[in-house]
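Data first, discussion second: the structure below is written as structure tokens.
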Amino acid sequence: MAKLRLVTGASFVFFLLVTSLVALPATPAHAVGGEGQGWPSFNESDGCGSPWMRGPKVERSGWLPSGTVLRGPHADYFGRSIQQVWDSLFWWDVPMSNGERLRMHERLRPALAYVGGRLETDEAAGNVYRIIDRYTFGYAARTVGGSYRISQHGLGNAIDMNSVRNPYTTGPLKTDMPSWFVDAWSDGGFCWGGYWISVKDAMHYNWRGPLFTPGITELPASYPPTTSTENFTRTMHTDAVPGVLSGTQHRLLMDGDNDGAIDVVNVSQTPLGTIIDVARASAGYHGCAVSRYSAPGLASGDIAINGDWDRDGAQDLWIIDDEDGVEITAYLRFGDFAETDTASVPTSSGDAYLSADHDVDGWGDLYILRYDGGWTVEVRSGADRFQTVLATGSLTGGSDMVFTAVDRDRDQVPDLFGVGRGGSFIADGASSFVSVEPLSGVSGTPTDVAGSDYDGDGRHDLVVLEEDGIRVYAGNSRLSGVRVTSWFEFPSYRCASTSLPYPYEGTFRDDDGSVHRYMIDEIQQLDITRGCNPPLRDRFCPDRNITRGELAAFLRRALSLPAAEGDTFVDDDESIFEGDIESLVAAGVKIPCGADRFCPDDVVTRDVMAQFLVAAFGYAPSDVDAFVDDEGWSHEDDINAIAAVGVTRGCNPPANDRFCPGRDVSRAEMASFMVRAVDLMNP
């Protein structure tokens, strides 16, 4: 039977089977989440131990009036308007201050209580860090630094302390905060700005969310939407999305960049290894704005789903191989998918899989669905890597449908959406799917479907991924005065004229327009080049002039020379190519640029390139004067030697009676020279 991808719906508790489901006792649902999500995270930096969660945008910059609409996961948790946030604030007594009080969001009470208790213990032990009121701030209804992204202060979710002594800086960290003070906040679930990666904001503490505060075991209710329910008969949004690479094996809808919006994710096996490409919703899915991640070797398996594998508030990528049992490899979002974890599930294989937080503990649970004239489901706990069965049940439905489930009416009972060639439907979960409503405007065989709060209003929409685009069907009435995508998208984003294409042909994504592209692919396959942008190495920089150090690396790899140590030249100690240079010297290829210098960063001219090739490959001298423009050049003999064997064909086709000895050599041109030289070695 052909496998179906059944995509999870958008509830923190995914009661896919509702009244037909036989469930073990579980924590009741308290909040509605997005597809693949567990508990929310509001972390501001990867430096604090979990993925950075980008906050939502608003329709204006600067100080925000009370009527400003807020949307997305942050609005679910903190309020759907500035006024609602304001109404949710409480006065917090700042420890170690002279009676300072700050307005903070009600939902920070447990975290602030934890920090207060820790600091009280520290003070009793004689550790005191005095907070100065005029340099300490809490709630402020504003955006970040002139942008349209709301500040965490505008949510009542951040505090700045002793700003003068702990400034914001793009340089080294400047702070007088003792480590025990920082630890109290960090252990309570706050991200300290001193741990930020690209800049430092030592005054700043942001609450990361309920996942990271000890003692929080339940989620509060989401703030109610300000819209009414619609039945997915209206197309809310459409967008073109990038196509696939030749090696793409998985393509799905998920939040791949951790901003709460649905992205399109391609997982490909390329000559460079496993690549995870995220076409970001925030950039309008533009092909020039695809975020690329180099992942470990692609796990076997023909099903890809998403869910929070490691309970950090981000959606990870799961690859499922069920040819012999059920084996899952998870590519972790924290660390840009560069780390994996695996699990073996003690059960038989299924026909479709999905992940959702069924028991509301923050772990992504595994749903295994099997079809035999009808569907049965087995839900296994992510907390113990799917050893414990949480629920089992059954439902009806045809085998040719692609499914997703979302809590359309916010009754904490997801409704089943079926999309197929013969038509589509909504089956109401509260009626055990007996009540079915046709969807006249939704049909076909999409690549993937997802239940997602696309417009960020708190109600779920239906996102359909087709071959070359997405279509979003509205689950709510229109939001007046705001654009659907404005809470996550950069509306003015434009691709630069120098943007790299996606998809692309060959190994590298920046050489499609080069006449040397096939030669570039060949030297990559020969391991002569490894790209110009480590660690991804998906670019070759064909138009950039090659340096003497890079040429040394090309030649060492082409000749398979062993590693060598030495210090022949005085100017290459800091060069990453010093080992390549010494390998050439050990093999008798010593071409300095002065008495004891190599000049590894100098670009290579065509005459010097000829000198290197003759020295490396040992071409014999030639009596033929191949070109008319190299008379009097010191390397004329070398130029004639590489012309005689066919490594060079001149610089002015079709006549090719000139060599252009003083012209710089591009990396693309060098690829062609290297392929011809290697071919002569291996006729």
Side-chain angles (χ1 to χ4, degrees), residues 33 36-55 73-74 77 107-108 110-115 117-119 144 151-152 155 157-161 166 168-169 172-173 175 177-217 219 254-260 276 278 291 293-296 306-318 330-341 357 361-364 382-383 385 535:
Q37 288 183 332
W39 285 22
S41 168
F42 312 114
N43 186 29
E44 287 190 291
S45 174
D46 284 6
C48 289
S50 62
W52 170 34
M53 177 66 176
R54 296 165 177 83
H74 288 73
Y77 206 85
R107 292 185 171 176
L108 272 67
L112 293 172
Y114 178 94
V115 172
R118 281 281 297 270
L119 295 180
V144 176
S151 166
Q152 293 289 324
L155 301 171
N157 191 42
I159 179 173
D160 290 345
M161 287 178 285
N166 299 276
Y168 178 94
T169 176
L173 174 66
T175 184
M177 289 184 181
S179 60
W180 55 264
F181 185 83
V182 173
D183 289 345
W185 288 89
S186 298
D187 294 347
F190 288 81
C191 177
W192 179 44
Y195 291 145
W196 290 3
I197 296 173
S198 57
V199 298
K200 303 297 181 183
D201 194 3
M203 71 183 82
H204 186 81
Y205 289 90
N206 147 252
W207 186 50
R208 299 168 63 197
L211 278 171
F212 309 103
T213 295
I216 297 182
T217 59
L219 293 172
M254 65 177 282
D255 180 7
D257 63 353
N258 220 43
D259 66 352
I276 297 176
V278 179
S291 292
Y293 304 94
S294 178
N306 53 294
D308 191 349
W309 178 274
D310 50 355
R311 203 173 186 266
D312 64 357
Q315 296 184 33
D316 307 301
L317 176 69
W318 305 11
Y331 293 78
L332 304 183
R333 178 65 186 81
F334 183 55
D336 296 339
F337 304 105
E339 294 185 13
T340 63
D341 196 6
D357 185 9
D361 62 355
W363 295 95
R385 288 293 181 258

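When reading the values below, keep in mind they use all heavy atoms of this one structure, side chains included, and skip hydrogens, waters and symmetry mates.
Within the 3.5 Å criterion, the main-chain N or O of Arg333 finds a donor-acceptor partner in the side chain of Asp316. In this structure, Asp46 contributes its side chain and Trp52 its backbone to a donor-acceptor pair below 3.5 Å. In this structure, the side chain of Ser151 does not engage the main chain of Val144 through any donor-acceptor pair within 3.5 Å. Between the side chain of Trp309 and the backbone N or O of Trp318, no donor-acceptor pair lies under 3.5 Å.
Between Trp185 and Trp192, the distance separating the two ring centers is not shorter than 6.0 angstrom. A ring-centre distance under 6.0 Å is found for Phe42 and Tyr77.
Between Ser50 and Asp310, every side-chain heavy-atom pair lies at or beyond the 4.5 Å cut-off.
Note that the CE atom of Met53 and the OG atom of Ser45 stand 14.5 Å from one another [nearest 0.5 Å]. Annotation: the span from Tyr195 atom OH to Lys200 atom NZ amounts to 10.0 Å, rounded to 0.5 Å. With rounding to the nearest 0.5 angstrom, the CG atom of Asn206 is 6.0 Å from the SG atom of Cys191. Atom OG of Ser186 and atom OH of Tyr205 lie 6.5 Å apart (nearest 0.5 Å). The CG atom of Asp361 sits 11.0 Å away from atom OG1 of Thr217, with the distance rounded to the nearest 0.5 Å.
In this structure, a donor-acceptor pair under 3.5 Å is absent between the side chains of Asp255 and Gln315. Using modelled atom types and a 3.5 Å distance limit, the side chains of Asp257 and Ser291 yield no donor-acceptor pair.
Of the candidates Arg54, His204, Arg208, Glu44 forms a side-chain hydrogen bond (donor to acceptor under 3.5 Å, both in side chains) with just one, namely His204.
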